[in-house]
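All remarks here apply to the structure that follows.
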Amino acid sequence: MTDHKDASVLHGHLLVLTTWPDAAGAQALARTLLERRLAACINILPPMTSLYTWDGRAQAGTEHQLLIKTTAARYADLQNAILAAYPYAVAEIIAVPIVRGLPAYLHWIDESTS
């Protein structure tokens with residue numbers, strides 16, 4: 001059972017995942033999201049190989065994973081900002097609720113996105 005007094009549940013903190021085909025584009029997106037206070041922190045992971053099905057065919061490509069820490073209150077604007085710059089036909093945008101976290105860190109997310 002979820003503890004409803006947990007700060008992360010009350011404030012709706014999210015970890016949003018998206019991918020980008022190149023490091024420069026990923027960094028440009030990250031800077032935009034931070035400047036607009038849509039995210040508190042963004043980790044850009046090194047290149048990875050993604051295997052997927054597109055148009056009925058197996059595909060492979062190199063991408064960078066972005067791990068974006070934000071709040072539920074900022075999610076809609078964050079999603080729109082990603083979509084406005086996204087280079088692929090269908091955007092990978094997955095939001096995972098943060099159900100627990102260090103209270104000071106979660107408070108910092110709130111401050112950084114308000």
Side-chain angles (χ1 to χ4, degrees):
M1 184 162 174
T2 302
D3 177 7
H4 293 289
K5 294 180 182 180
D6 186 349
S8 61
V9 173
L10 292 174
H11 296 290
H13 300 96
L14 299 172
L15 173 64
V16 178
L17 298 94
T18 193
T19 54
W20 216 263
D22 61 279
Q27 289 177 16
L29 175 66
R31 282 189 210 95
T32 297
L33 297 177
L34 292 171
E35 288 168 2
R36 293 177 58 191
R37 299 182 69 86
L38 299 175
C41 176
I42 302 160
N43 305 107
I44 301 170
L45 302 182
M48 64 183 178
T49 300
S50 294
L51 304 173
Y52 55 95
T53 302
W54 187 256
D55 287 334
R57 295 187 349 244
Q59 306 281 329
T62 300
E63 299 178 303
H64 293 268
Q65 183 77 58
L66 284 79
L67 308 175
I68 306 164
K69 276 70 81 180
T70 192
T71 62
R74 299 300 279 153
Y75 178 78
D77 290 335
L78 178 122
Q79 177 179 286
N80 289 335
I82 294 171
L83 288 173
Y86 210 73
Y88 299 139
V90 177
E92 175 186 326
I93 305 173
I94 300 170
V96 180
I98 298 172
V99 296
R100 296 221 188 286
L102 182 69
Y105 186 81
L106 299 176
H107 180 70
W108 172 75
I109 293 174
D110 291 333
E111 286 182 341
S112 296
T113 58
S114 61

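Side chains are part of it too, since the values below use all heavy atoms of this structure and drop only hydrogens, waters and symmetry mates. Remember, it's a predicted structure, so these values are computed and weren't measured experimentally.
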Going by the side chain to side chain donor-acceptor pair (under 3.5 Å) test, which pairs reach into residues 38-52, not counting sequence neighbours? N43-K69, S50-E63

Please say yes or no: joined through hydrophobic side-chain contacts below 4.5 Å, possibly via intermediate residues, are L106 and L67 part of one cluster? yes

For side chain to side chain contact (heavy atoms under 4.5 Å, CB included), just list the numbers for V16 and I94, CA-CA rounded to whole Å, side-chain angles, deciding distance to a tenth of an Å, and then say yes or no. CA-CA 6 Å; V16 178; I94 300 170; over 6 Å; no

Determine the minimum heavy-atom distance between W108 and A40, stating which atoms define it. CH2-O, 3.2 Å

Roughly how far apart are I109 CD1 and T71 OG1, rounded to 0.5 Å? 8.5 Å

Derivation of the side chain to side chain contact (heavy atoms under 4.5 Å, CB included) call for L14 and V96: CA-CA 6 Å; L14 299 172; V96 180; over 6 Å; no

What are the two closest heavy atoms between A81 and L29, and how far apart are they? O-CD1, 4.3 Å

Same apolar cluster: Y86 and L34, side chain cutoff 4.5 Å: yes

State, with a plain yes or no, whether a side-chain heavy atom of M48 is found less than 4.5 Å away from one of T19. yes

Taking all heavy atoms of A30 and all of I44, pick out the closest pair and write down the distance. CB-CD1, 4.1 Å

Atom CD in Q79, atom CG in D77: separation rounded to 0.5 Å? 10.0 Å

Under 3.5 Å, is there a donor-acceptor pair between the side chain of S114 and the main chain of E111? yes

Please give me the minimum heavy-atom distance between Y88 and W20, naming the atom from each residue. OH-C, 4.2 Å

Interatomic spacing from CG in L45 to CG in L66 - rounded to 0.5 Å: 7.5 Å

Are the side chain of T18 and the backbone of E92 linked by a donor-acceptor contact shorter than 3.5 Å? yes

Using side chain to side chain contact (heavy atoms under 4.5 Å, CB included), reason through L83 and I93 one step at a time and then give a plain yes or no. CA-CA 9 Å; L83 288 173; I93 305 173; 4.0 Å; yes

Taking R74 for the side chain and R37 for the main chain, is one N or O donor matched with an acceptor at less than 3.5 Å? yes

Looking only at heavy atoms, which two atoms of Y75 and A95 are closest? And how far apart? CE1-CB, 3.7 Å

For a side-chain hydrogen bond (donor to acceptor under 3.5 Å, both in side chains) with H13, tell me which candidate from T70, D110, T113 qualifies. D110

Should N80 and L78 be marked as a side chain to side chain contact (heavy atoms under 4.5 Å, CB included) after you check the CA-CA gap, both sets of side-chain angles, and the distance that decides it? CA-CA 5 Å; N80 289 335; L78 178 122; over 6 Å; no

Could you tell me the separation between the CG atom of L51 and the CD atom of Q59, rounded to the nearest 0.5 Å? 10.5 Å

To the nearest 0.5 Å, atom CG of L38 lies from atom OG of S112 at 12.0 Å

Which heavy-atom pair separates P46 from H64 by the least distance, and what is that distance? C-ND1, 3.8 Å

